[in-house]
Number of protein chains: 2
Amino acid sequence: MVTLAEVAQHAGVSASTVSYVLSGKRSISGATRQRVEQSIRELGYHPNAGARALASSKSNIIALMIPLRTDMYVPVMMEIAIAVATTARTHGYDVLLLTGEEGPDAVRRVTGSGLADAMILMDVQLDDERLPLLRGTDQPSVLIGLPADTSGLTCVDLDFKATGALCVEHLAMLGHRDIAVIGEAPAVYERHTGFAERTLDGLRLRSQELGMRLLHRPCEGGYDAMAVTLARILDERPSTTGFVVQNESAVEPLLALLRQQGRAVPEDVSVVGICPDQVATQASVRLTSVSIPAQEMGRHAVEQLVAKLDGRGSNEVVLIAPELTQRASTGPAPANTN
Amino acid sequence: MVTLAEVAQHAGVSASTVSYVLSGKRSISGATRQRVEQSIRELGYHPNAGARALASSKSNIIALMIPLRTDMYVPVMMEIAIAVATTARTHGYDVLLLTGEEGPDAVRRVTGSGLADAMILMDVQLDDERLPLLRGTDQPSVLIGLPADTSGLTCVDLDFKATGALCVEHLAMLGHRDIAVIGEAPAVYERHTGFAERTLDGLRLRSQELGMRLLHRPCEGGYDAMAVTLARILDERPSTTGFVVQNESAVEPLLALLRQQGRAVPEDVSVVGICPDQVATQASVRLTSVSIPAQEMGRHAVEQLVAKLDGRGSNEVVLIAPELTQRASTGPAPANTN
DNA sequence: ACTCACAGTCGAAGCGCTTCGACAACCTAT
DNA sequence: ATAGGTTGTCGAAGCGCTTCGACTGTGAGT
């Protein structure tokens with residue numbers, strides 16, 4: 001293993017000079033700089049991460065806490081994680097992957113040990129038990145998702161309330177009056193995950209304002225669960241002509257079931273998805289949808305964090321505006337056939 | 001920030017004693033140990049990761065390189081990543097998330113800087129450019145996936161060749177003679193990703209041995225691509241009664257299309273999937289499938305790696321035996337209706 | 001009573017880096 | 001020519017931990 005000292009000797013300068021070449025924190029003459037860089041290349045030198053962390057009390061690592069559950073909104077999580085990792089690299093940071101398993105202890109461990117300089121939390125619950133810890137430390141952090149109380153915190157998320165409203169508006173504009181919401185699995189609501197409830201708020205509020213009737217049903221993904229849920233909805237409110245689906249694994253089952261029952265999409269029934277674009281475009285009917293901007297969220301989160309680490313940036317809530325893309329699954333409500 | 005020295009002082013012992021309490025590398029009297037542990041708790045001490053890494057030349061971090069592409073077999077990757085992270089924690093390791101983006105440089109950087117003690121590589125190509133680097137370093141590593149030449153490497157993977165064979169055998173047993181394989185996207189084969197080719201080998205070999213006819217068609221996921229592929233297959237070989245699908249995002253489209261064309265599953269046509277159980281059970285027809293044991297792979301990989309780090313363990317290729325679960329999508333071939 | 005082994009503890013020497021203050025050499029303004 | 005500032009470099013002091021060798025006291029063996 002090559003050390004700073006060896007590079008220094010090879011280049012005929014002192015260790016500190018090499019260090020300054022590397023960090024650029026003091027000016028170095030062109031000649032010296034080149035000699036040092038040459039030596040670094042020749043010797044294949046890589047600074048030792050531990051030593052660096054110890055001396056500078058900066059690890060250049062960002063911790064990312066992802067949820068342990070692998071059953072929900074997985075592609076979104078993955079895309080965020082990858083966006084976080086690649087964006088972090090462009091700022092010179094690496095990413096440490098923590099699973100929710102350890103819970104708040106992970107926060108303590110990482111903060112206390114100086115393993116990471118900052119952290120990003122995903123899958124934030126409205127009343128997340130990790131929040132007090134974050135508020136009580138001076139380690140920068142960013143949440144992806146919105147808790148109930150955002151004071152003293154930096155958050156990045158899609159504006160799910162606006163997303164709900166947007167879906168309703170789109171259906172209203174097309175003349176639909178009775179709409180049903182296929183939600184995430186009941187467990188998601190029970191955990192009080194913010195995004196699900198905020199979407200619902202937006203849906204309810206706007207549909208009230210527009211005088212529409214709204215039915216909300218949580219739904220486990222999959223064909224069987226969807227079949228049961230759909231039957232219940234159509235039983236309770238046969239006049240339903242618009243669906244909003246916020247559950248990736250319910251999209252295709254819903255479309256299949258509607259088809260099977262002879263309800264044509266979009267002629268008889270319109271469907272709006274809240275899901276990644278990939279899901280929307282690969283469905284059997286190209287789905288009108290509000291996309292989950294996973295990459296953008298990951299990127300934003302890192303950039304907020306880096307800003308904080310650089311002493312710039314403050315606590316703020318960044319809500320990304322939803323965008324609805326009309327595809328083939330929504331159309332005018334059918335003429336009233338009471 | 002609390003340091004070892006402060007804990008030592010608080011407990012009235014020397015720093016080295018505290019260190020030995022922590023590491024257990026020398027015997028410590030019960031009384032002293034308890035006093036130290038008490039102090040640690042009272043002061044909320046966490047050892048500094050950087051200092052530890054520097055002094056011991058061990059970071060207790062495992063690097064995990066995941067593919068950059070977010071478009072393919074995502075849930076599997078995610079599940080593996082999570083299994084790696086949680087298993088690593090049980091052995092006292094944290095996980096650093098690297099994306100394929102940097103390519104071989106990432107290997108150099110991590111190895112050279114001592115950022116991680118070992119690494120796990122996913123999405124290994126048959127002739128992966130990172131392999132020479134791995135062979136040339138003494139840093140332990142494990143591949144998830146199988147390259148062409150495994151000499152000097154430790155690999156963990158599902159036995160995809162046996163998987164292919166198993167699928168064929170199942171269909172053969174049910175009396176099918178003409179089978180079609182819906183493969184991964186063409187890009188996967190072009191990249192020479194091992195698993196896809198090995199599956200194909202297994203499929204071809206066994207179907208030859210059993211005197212069956214086999215058609216293989218790569219397929220981008222999604223409904224439209226699947227429609228085109230299916231049409232071509234049925235056009236070329238109308239007598240096809242068995243399908244093997246190795247592409248998560250083609251499963252549901254295939255089932256929908258078959259249904260739409262009046263081909264009943266499993267009465268007219270049988271379908272076997274190679275996919276995570278979750279996909280198989282959530283499909284519109286509960287899919288007979290060989291599951292991808294993502295968790296098991298991640299766990300195995302970490303355990304191999306930890307064994308190496310402990311000086312136990314050697315280079316070996318661990319192939320996990322495939323298991324086929326019969327569900328509702330396969331049945332006897334229809335009577336010959338030439 | 002005397003050695004020997006061993007458990008239990010301590011002090012000190014680093015691990016490889018960053019960073020601060022010092023200093024020499026040079027330039028510019030007086 | 002001189003004071004004052006700049007620029008480029010160096011030496012040394014840590015950062016918080018691990019680990020080695022050394023030391024002390026105790027109990028067993030003779």
Side-chain angles (χ1 to χ4, degrees), chain A residues 1-37 39-40 43-61 92 94 109-117 309, chain B residues 1-37 39-40 43-61 92 94 109-117 309:
Chain A
M1 159 160 258
V2 191
T3 69
L4 228 215
E6 290 170 333
V7 173
Q9 190 175 3
H10 185 271
V13 297
S14 77
S16 46
T17 300
V18 177
S19 179
Y20 286 124
V21 167
L22 252 29
S23 68
K25 292 192 178 171
R26 287 206 183 167
S27 54
I28 297 288
S29 70
T32 306
R33 155 168 292 115
Q34 289 192 356
R35 215 140 29 84
V36 170
E37 283 168 351
S39 298
I40 288 178
L43 301 178
Y45 168 72
H46 285 272
N48 182 88
R52 204 164 234 201
L54 178 56
S56 65
S57 0
K58 296 183 62 241
S59 63
N60 283 298
I61 289 181
D94 273 296
R109 193 167 60 85
V110 168
T111 306
S113 67
L115 231 187
D117 296 332
L309 286 166
Chain B
M1 160 163 258
V2 190
T3 70
L4 228 214
E6 291 171 332
V7 173
Q9 190 175 3
H10 186 270
V13 298
S14 77
S16 46
T17 300
V18 177
S19 179
Y20 287 123
V21 167
L22 251 30
S23 69
K25 292 192 179 171
R26 287 207 182 166
S27 52
I28 296 288
S29 69
T32 306
R33 155 168 294 114
Q34 289 191 357
R35 215 140 29 84
V36 170
E37 283 168 351
S39 298
I40 288 178
L43 301 179
Y45 168 71
H46 285 271
N48 181 87
R52 203 165 235 199
L54 178 56
S56 65
S57 359
K58 296 182 60 238
S59 63
N60 285 298
I61 289 183
D94 273 296
R109 192 167 62 84
V110 169
T111 307
S113 66
L115 230 187
D117 296 333
L309 287 165

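Side-chain atoms are counted along with the backbone in the values below, which use heavy atoms only and exclude waters and symmetry mates. Each chain gets a letter, A, B and so on, in the order its sequence line appears, and its residues count up from 1. Remember, it's a predicted structure, so these values are computed and weren't measured experimentally.
Across all non-hydrogen atoms, the minimal contact from B:Val21 to B:Glu37 is CG1-CG, 4.3 Å. Scanning all heavy atoms of the two residues, the minimum distance from A:Leu43 to A:Val2 falls at O-CG2, 3.3 Å.
When DNA chain D is scanned 5' to 3' for any atom under 4.0 Å from a heavy atom of chain B, the first and last hits are D:dG16 to D:dA22.
A:Thr17 places no side-chain N or O within 3.5 Å of a backbone atom of A:Val13 that could act as its donor or acceptor partner. For B:Asp117 (side chain) and B:Lys58 (main-chain N/O), no donor-acceptor pair under 3.5 Å exists by modelled atom type. Judged purely by atom type and a 3.5 angstrom limit, A:Gln34 has no side-chain atom pairing as donor or acceptor with the backbone of A:Ala31.
The CZ-P distance, from A:Arg26 to C:dC23, rounds to 14 Å in whole Å.
Side-chain atoms of A:Leu54 and B:Arg52, non-hydrogen and from C-beta on, never get closer than 4.5 Å to each other.
Backbone-only engagement by A:Ile28 is indicated by non-hydrogen atom pairs under 4.0 Å involving sugar-phosphate atoms exclusively. When heavy atoms are screened at a 4.0 angstrom cut-off, A:Thr3 is found touching the sugar-phosphate backbone but no base atom. Nucleic acid contact class of B:Thr32 (heavy atoms, under 4.0 Å, all strands): sugar-phosphate only.
Near-neighbour residues of DNA chain C inside residues 13-22 of chain B, defined by a heavy atom below 4.0 Å, number-ordered: B:Val13, B:Ser14, B:Ser16, B:Thr17, B:Tyr20.
Qualifying side chain to side chain donor-acceptor pair (under 3.5 Å) partners for A:Arg35, counting only residues two or more places apart in sequence or in other chains: none.
If B:Leu54 and B:Arg35 are placed on DNA chain C by their nearest nucleotide, the residue sitting closer to the 5' end is B:Arg35.
Taken from CG in B:Leu115 to CD1 in A:Ile61, the straight-line distance is 5.0 Å, to the nearest 0.5 Å.
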